S.K.: 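Just passing along the structure, written as structure tokens.
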Amino acid sequence: LISQTIFAYPDTEKKFVDLNLASVSQAVIDNERDLLFVVSSSTIKVVDLKTFALAGESQTLFDFDADEDLEGLIDSIALDFEGDRLFATQDGGRVLVFDLDQLTEEPELFEVSVGDDLTRAVFNPNANKLFVLNQTDQAVNRVDPDDGTLEASFSYSSLGSFTLNDMLY
């Protein structure tokens, strides 16, 4: 994945789409909808993998800078395929919840840990739980994705001096 252009080789024909982004921090594929979600700073772009073009009229999932309540950097995204949701962690301890069937609608917002730097999110569909990496507290937060309730926090600060940068489910 290159930050400004994505290349694909579905058959023998090479295709590309210009994302017009300075950098990309994460990309996630939704196989059911044939969509690729690409995160860069305060932007989430959506690529239609059938046509290999930016999806939607605005070509951006939501304009976070245009909405004062949602303004901020997007650090990570996680998909809940069964619940048709896209979770996006945001600086300041917030998580945005998008309905995948209504992507252009304003997302639901809940605060997991006020003022903290939430860097990665992973969704566990078997337990219906969202796990969010909290760099400020050096902890992994377990969140109820339906109402945003912080259920538990697992600290890793006692394990030594290191930074946890990613999680995988």
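Predicted model, so just to flag it, every value in this text is computed and none were measured.
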S.K.: Is there a side-chain contact between V112 and T89 (heavy atoms, below 4.5 Å)?
M.R.: no
S.K.: Which atoms form the tightest heavy-atom contact between S153 and A139, and what is the distance?
M.R.: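 Minimum heavy-atom separation between S153 and A139: OG-CB, 3.4 Å.
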S.K.: For residues E151 and D144, report the shortest heavy-atom separation together with the two atoms involved.
M.R.: OE2-CB, 3.5 Å
S.K.: What pair of heavy atoms forms the shortest contact from D146 to E108, and how long is it?
M.R.: O-OE2, 4.2 Å
S.K.: What heavy-atom pair brings L73 and Q90 nearest, and what distance separates the two atoms?
M.R.: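 Closest heavy-atom pair between L73 and Q90: O-CG, 3.1 Å.
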S.K.: Do the non-hydrogen side-chain atoms of D117 and D75 ever get within less than 4.5 Å of each other?
M.R.: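 Answer yes - side chains close enough.
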S.K.: Measure the spacing between CZ of F110 and CG of L130 and express it to the nearest 0.5 Å.
M.R.: 6.0 Å
S.K.: Nearest heavy-atom pair of Q26 and I77: which atoms, and what distance?
M.R.: OE1-N, 2.8 Å
S.K.: Of the non-hydrogen atoms in A88 and I74, which two are nearest, and what is the gap between them?
M.R.: CB-CG2, 4.2 Å
S.K.: Of L86, V143, L79, N128, which meets side-chain contact (heavy atoms from CB on, under 4.5 Å) against F123?
M.R.: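 When L86, V143, L79, N128 are each tested with F123, the side-chain contact (heavy atoms from CB on, under 4.5 Å) holds only for N128.
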S.K.: Measuring from atom CG of L96 to atom CZ of F87, what distance do you get when rounded to the nearest 0.5 angstrom?
M.R.: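 These two atoms lie 11.0 Å from each other.
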S.K.: Output the distance between atom CG (L133) and atom CG (L118), rounded to the nearest 0.5 Å.
M.R.: 8.5 Å
S.K.: Could you tell me if the side chain of D84 sits less than 4.5 Å from the side chain of R33, heavy atoms only?
M.R.: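 Counting from C-beta outward, R33 and D84 do come under 4.5 Å.
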S.K.: Out of D30, I29, V47, which residue meets the side-chain contact (heavy atoms from CB on, under 4.5 Å) rule with F37?
M.R.: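 Result for side-chain contact (heavy atoms from CB on, under 4.5 Å) with F37: D30.
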